[in-house]
Every structure is written in structure tokens, then in C-alpha cells.
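In each ligand, atom 1 is the first atom listed, and ligand 1 is the first ligand listed.
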Amino acid sequence: MDWFTGVRNYSAPAVSIVDGSRRRPFTGKTMLIKKPADILPSEITPKEIYQQRRRFLREAAAVAAAGASAALLPSMTQAGQKIPNVRKSPLSTGEKLTSVQDITSYNNFYEFGTDKKDPARNAQNFRTFPWSVAIEGEVKKPAVYQLEDFFRHFPLEERIYRLRCVEAWSMVVPWVGFPLRDLIRRVGPTSRAKYVEFTTLHDPAQMPGQKPGLFGAGLDWPYVEGLRLDEAMHPLTILAVGLYGEIMPNQNGAPIRLVVPWKYGFKSIKSIVKIRFVEKQPLTTWMKAGPSEYGFYSNVNPTVDHPRWSQAAERRIGEDSLFSPKRKTLMFNGYAEQVASLYTGMDLKKFF
Ligand code: MTE
């Protein structure tokens, strides 16, 4: 469905406008807003269309009232659309960015298959509108947020982070998002909230990897992840709605995903529909699948190997020719200065 027109079966093209070449034109179903002077008397406006137009005007007024930071209209939330008013952040790395091509074609999103190319292939028609995220559990203000609400309430920032996968490869991704703690402060956890549990959409009709069988590695669906409340409140932890200045491509976890840059990539859960504040440590998908291999914390740690491979070094995607040396993996993925204090006194071999 198109965010703006409400037309069903409009499949949002997961394309990028960064290189310009892959952008598909809007179909005729998408409304083109014209200035009054442009509207010819011969154009008869069907009732449905003029209602949509009125809705647009209401939204535009609401956005104007909310200020520049919220200037993202639902009509602009298709993959490939530029996100306006994104602030730079001092928390970004200055490292060379991984290309948009690599970031959007080398993915882990097992709901769409286990091959790195599967998500880009199989998530093209994934419907990311309408999209709501339920905030539940130990909070003073439980709520169901529509995606638009996030855009309206929280100023967006570009956060250029290293992403280190547990499989020993890495990228540098310019995410667009907002600190998770902005949302947490808004909903107000109770004193019983110690952890935050995140859940991905469960929709086997759209996500072939969730059907019985091995296409999605036979994981226990839906995908669940978790953080300790203080980790969730850390300024580096964001909910991302885009990358490279544009709305999130489907294969990267549209329309909203977590990014926790000092942890292995699998903690950064995609396509979130539920955020639950809980007392007990959540049982995550990968802990269920391989408790001896994937721990709750999963902090990037070159001194604690995966039982089946070393975590001391990594391949940087895009520079991995036969001759390029592997990079040394950094403690907490290079964010030790900011996050090491969260784990003072903890045995990180035990709490891997
Ligand atoms: N979230 C869901 N729902 N399903 C997944 O399979 N894969 C994880 C994480 N989030 C995954 C997920 C893994 S293993 C990694 S490395 C990152 O997403 C990859 O994110 P990217 O494809 O945007 O690089």
C-alpha cells in the first residue's frame, strides 16, 4: 500500500536514489500534488482522490506545526526517498563508507532467505505500510506508535557506524535514525523494567524464511532480540529508519530497525513491530538456536572466539580482494571508550 494514496498492492520499490539509476518512476496510482493554478477545470477529481488531497494538507499542516525536524510526510516513506532535515552527529565515525551497493546487496535477513543476496531479491514487495510498533510491558505509557509518529516525535540524525557481523565481516553504514532513549524517555519505564525485548514482524505469507523448512535456517520465529535497559538507554543505540540519507531499503530492515554498533550485527534486529519492557532477561532467537555459540550480550570482542571461528579479525566488505589483509577486530567494535563502563566487573567470557 502506498503511504499517501492508500492504494493497496502498490509495492514500494526498494531502490536507491543515491546513484539515481535504479529509481523506478511512481505508478499512476500515486497522486501528484498540484498547485491550484495547475488544476484544469477539465480535470474531474474523484471523491477518493480529493479526500486523499485533504489528508495530505492536514498532514502538511501538522508537520509544519511540529517544526522542521518532523518534516517527513508519509508519502515520502518509500525506500529510495530522501529524508529531509537529518542532522549530523558527533558520534559518527569518519571512516570510509561502505558502498550503498554493498550495504543493500550483502545482507542477513533470514526471514527472506539465508543467502546474502536473498533479502535484496525476496524483500522487494515486502509491505512496510501501514506499520505500527507496540510499546508494551513495564512502561507508564504503553502505546501503539504508527511509523509516522516516530518521524513526528523524534529528530533524525545521521549516525555513521561500523557494523561488525558475528560472521567476521564488517561495513561502515551511514544510518539515519534517532536515539532509542528518546523513545524510552517518552514511554517511561517503570522501576521493574530491567530489559527491553524487541520482536520482528511475523508474517510467513510475506516472509518466506518464516515458513516451515530450512529456507530461513529453521529459526524459531518471530526473530526476538534484547538489551539491558542501560544498553538500550546508551546514546549510541538507535532506531534506524534509513541509510545513505534515504528511507530504509526493505532488505536492511524497513521500516524501522535497531542498531547497536558495539554488539555483533545480529543484535540489531530488523523490521520491529514490538518493543516490550520486561523484568527478566529475554530469550533471544539466536540464544535459542545455539546457546553455546550466541550469548545475550554478544559484545564485539576479539578475545572471545566463536566456538567455530576466531573473532580476532574481520573482512571489511568492499575491500576484500585476495590480497587485502584482514582488519584487526577492535574491542566493543571500537566503541570501548563509550561503552566499556556498562560492563565494569563483568566476566565477558562468561557473559559473552
Ligand atoms: N533481524 C532479523 N529480523 N532477521 C535477521 O536475520 N540478521 C541480523 C541483523 N538483524 C537479522 C536481523 C544479522 S546476523 C546482521 S549481521 C544484521 O541484521 C545485518 O544487517 P544488514 O543486512 O543491514 O547489514
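Judged purely by distance below 3.5 Å, without hydrogens or angles, the side chains of H234 and R181 never pair a donor atom with an acceptor atom. Side chains of Q101 and S99: a donor-acceptor N/O pair is absent below 3.5 angstrom, by distance only. In summary, the side chains of Q251 and R121 do not present any donor paired with an acceptor at a separation below 3.5 Å, with no hydrogens or angles considered. In this model, no donor atom of one side chain and acceptor atom of the other lie less than 3.5 Å apart for R276 and Y195. Looking at N252 and K270, their side chains never bring a donor and an acceptor atom within 3.5 Å of each other.
For atom 9 (C) of ligand 1, the nearest non-hydrogen atom of the protein is G265 O, 3.3 Å. For atom 6 (O) of ligand 1, the nearest non-hydrogen atom of the protein is Y110 N, 2.8 Å. Nearest non-hydrogen protein atom to atom 7 (N) of ligand 1 is N108 O, 3.2 Å. The single protein non-hydrogen atom nearest to atom 16 (S) of ligand 1 is C165 SG, 3.4 Å, given as residue, atom name and distance. Protein heavy atom closest to atom 21 (P) of ligand 1, with residue, atom name and distance, is K270 NZ, 3.4 Å.
Atoms of ligand 1 lying under 4.0 Å from any heavy atom of T200, numbered from 1 in the order shown and given with element: 3 (N). Applying the 4.0 Å criterion to heavy atoms of I269 picks out, from ligand 1, the atoms 1 (N), 10 (N).
The N/O atoms of N252, backbone and side chain alike, include one that comes under 3.5 Å of an N/O atom in ligand 1.
Residue-environment remark: CZ (R192) stays at or below the threshold of 12 foreign heavy atoms within 6.0 Å.
At a heavy-atom cutoff of 4.0 Å, ligand 1 is contacted by both the backbone and the side chain of N107. Contacts of E225 with ligand 1, taken as heavy-atom pairs under 4.0 Å, are absent altogether. With a 4.0 Å heavy-atom cut-off, ligand 1 is reached by the side chain of L163 but not by its N, CA, C or O. If you look at E111 next to ligand 1, the close heavy atoms, those under 4.0 Å, all belong to the side chain. Under 4.0 angstrom from ligand 1, the non-hydrogen atoms of Y223 all belong to its side chain.
The closest approach between S268 and ligand 1 falls below 4.0 Å for a heavy atom of the residue. Heavy-atom separations between R257 and ligand 1 include at least one value shorter than 4.0 Å.
A cation-pi arrangement is absent between R159 and F178 under the rule of less than 6.0 angstrom and at most 45 degrees off the ring axis.
A 4.5 Å side-chain heavy-atom check between M248 and L243 finds at least one atom pair inside the cut-off.
A perpendicular orientation is assigned to the rings of F126 and W131, their planes being inclined by more than 60° (bins at 30° and 60°).
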With a cut-off of 3.5 Å and sequence neighbours excluded, list every side-chain donor-acceptor pair involving residues 345-352.
residue, atom, partner, partner atom, Å
D347, OD1, K349, N, 2.9
D347, OD1, K350, N, 3.3

